[in-house]
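These numbers come from a predicted model, not from an experiment. Below, chains carry the letters A, B, ... as their sequence lines are ordered, and counting in each starts from 1.
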Amino acid sequence: MSFWLIKSRPSAFSWADLEAAPARTTAWAGVRNYQARNFMRDRMKPGDPVLFYHSQIPKPAVIGLAEVASESYPDPTQFDPGHRRYDPTAAVAEPRWYLVEIRAVRQLERPVLLRELREQPELEGMDLLRQRSRLSVQPVPPAAFLRVLQLAGSDAGGVS
DNA sequence: GCCAACGTTGGC
DNA sequence: GCCAACGTTGGC
């Protein structure tokens, strides 16, 4: 099992949106970064725990616990000329972009602010904490993942 | 709104 | 293969 963090701009898609989605699940579509794609396509497996992070707000924070809810499959938005993330270079026979589905497990007892995460020496090395990290789908070391839940006031319930 | 850091594109 | 231009991300 691997542990992950995904970022979302709440104005585009928030934790509340995920909780309100049918079956609390959504296809994580629109990612157009090869590193992020490779994680989704090759490494993310159903049941893997995922931290859900709100970016581009005054207090960026991890807000929810989610999980991978499907195997990876081609992102349909790459083939849709009307979609903002349409990729004219992608062919159905040879998809370029892949996604997994994400399911909300539970909201954290409280958001864990980026500022707080930066104060934790044992979290050094998390990609999120790199200066100007831009990777929107990233692996998290298991110990760091549990530490974030701990900071939120959770036990590791449902994760380990 | 600013701006640094990247990733991608495309001319050469 | 180089590298400038460009677009995007995301903290502040």
**Asked** Atom CZ of Arg115(A) to atom P of dG11(C): distance rounded to whole Å?
**Response** 12 Å
**Request:** Under 4.0 Å between any heavy atoms, over every strand shown, what does Arg130(A) touch: base, sugar-phosphate, or nothing? Just pick one.
**Result:** sugar-phosphate
**Prompt:** When you check the phosphate oxygens OP1 and OP2 of dG11(C), does a side-chain N or O of Tyr53(A) lie under 4.0 Å from one of them?
**Reply:** yes
**Item:** Separation between CG of Leu128(A) and OG of Ser133(A), rounded to the nearest 0.5 Å
**Value:** 5.5 Å
**Nucleotide of dG10(C), dC6(B), dT8(B) approaching Tyr34(A) most closely (side-chain heavy atoms)** = dT8(B)
**Prompt:** Measuring from Thr26(A):OG1 to Glu19(A):CD, what's the distance to the nearest 0.5 Å?
**Reply:** 13.0 Å
**Message:** For a quick test of reading the model: is some side-chain N or O of Arg118(A) closer than 4.0 Å to OP1 or OP2 of dG11(C)?
**Reply:** no
**Asked** Rounding to a whole Å, what distance do you find between Leu113(A):CG and dG10(C):C1'?
**Response** 16 Å
**Prompt:** ring-ring contact (aromatic ring centres under 6.0 Å, His included) with Trp28(A): which of Phe39(A), Tyr73(A), Phe52(A)?
**Reply:** Phe52(A)
**Prompt:** Do the side chains of Phe3(A) and Tyr53(A) join up, straight or via other hydrophobic residues, at under 4.5 Å, putting them in one cluster?
**Reply:** yes
**Message:** Could you check whether the side chain of Arg9(A) and the base of dT9(C) have a donor-acceptor pair of N or O atoms closer than 3.5 Å, going by distance alone?
**Reply:** no
**Message:** Rounding to an integer number of Å, can you tell me how far Leu135(A) CG sits from dT9(C) C1'?
**Reply:** 11 Å
**Request:** Let me know which of Gln138(A), Met40(A), Arg43(A) forms a side-chain contact (heavy atoms from CB on, under 4.5 Å) with Trp4(A).
**Result:** Arg43(A)
**Prompt:** Can you check the Gln56(A) CD to dA5(B) P distance for me, whole Å?
**Reply:** 17 Å
**Request:** Could you state the atom-to-atom distance from CZ of Arg96(A) to P of dT8(B) in whole Å?
**Result:** 10 Å
**Request:** Find the distance Arg134(A):CZ to dC6(C):C1' and express it as a whole number of Å.
**Result:** 12 Å
**Prompt:** Roughly, in whole Å, what's the span from CG in Leu129(A) to P in dT9(C)?
**Reply:** 20 Å
**Message:** What is the separation between atom CG on Asp127(A) and atom P on dG10(C), rounded to the nearest whole Å?
**Reply:** 10 Å
**N or O in side chain of Lys7(A) less than 4.0 angstrom from dT9(C) OP1/OP2** = no
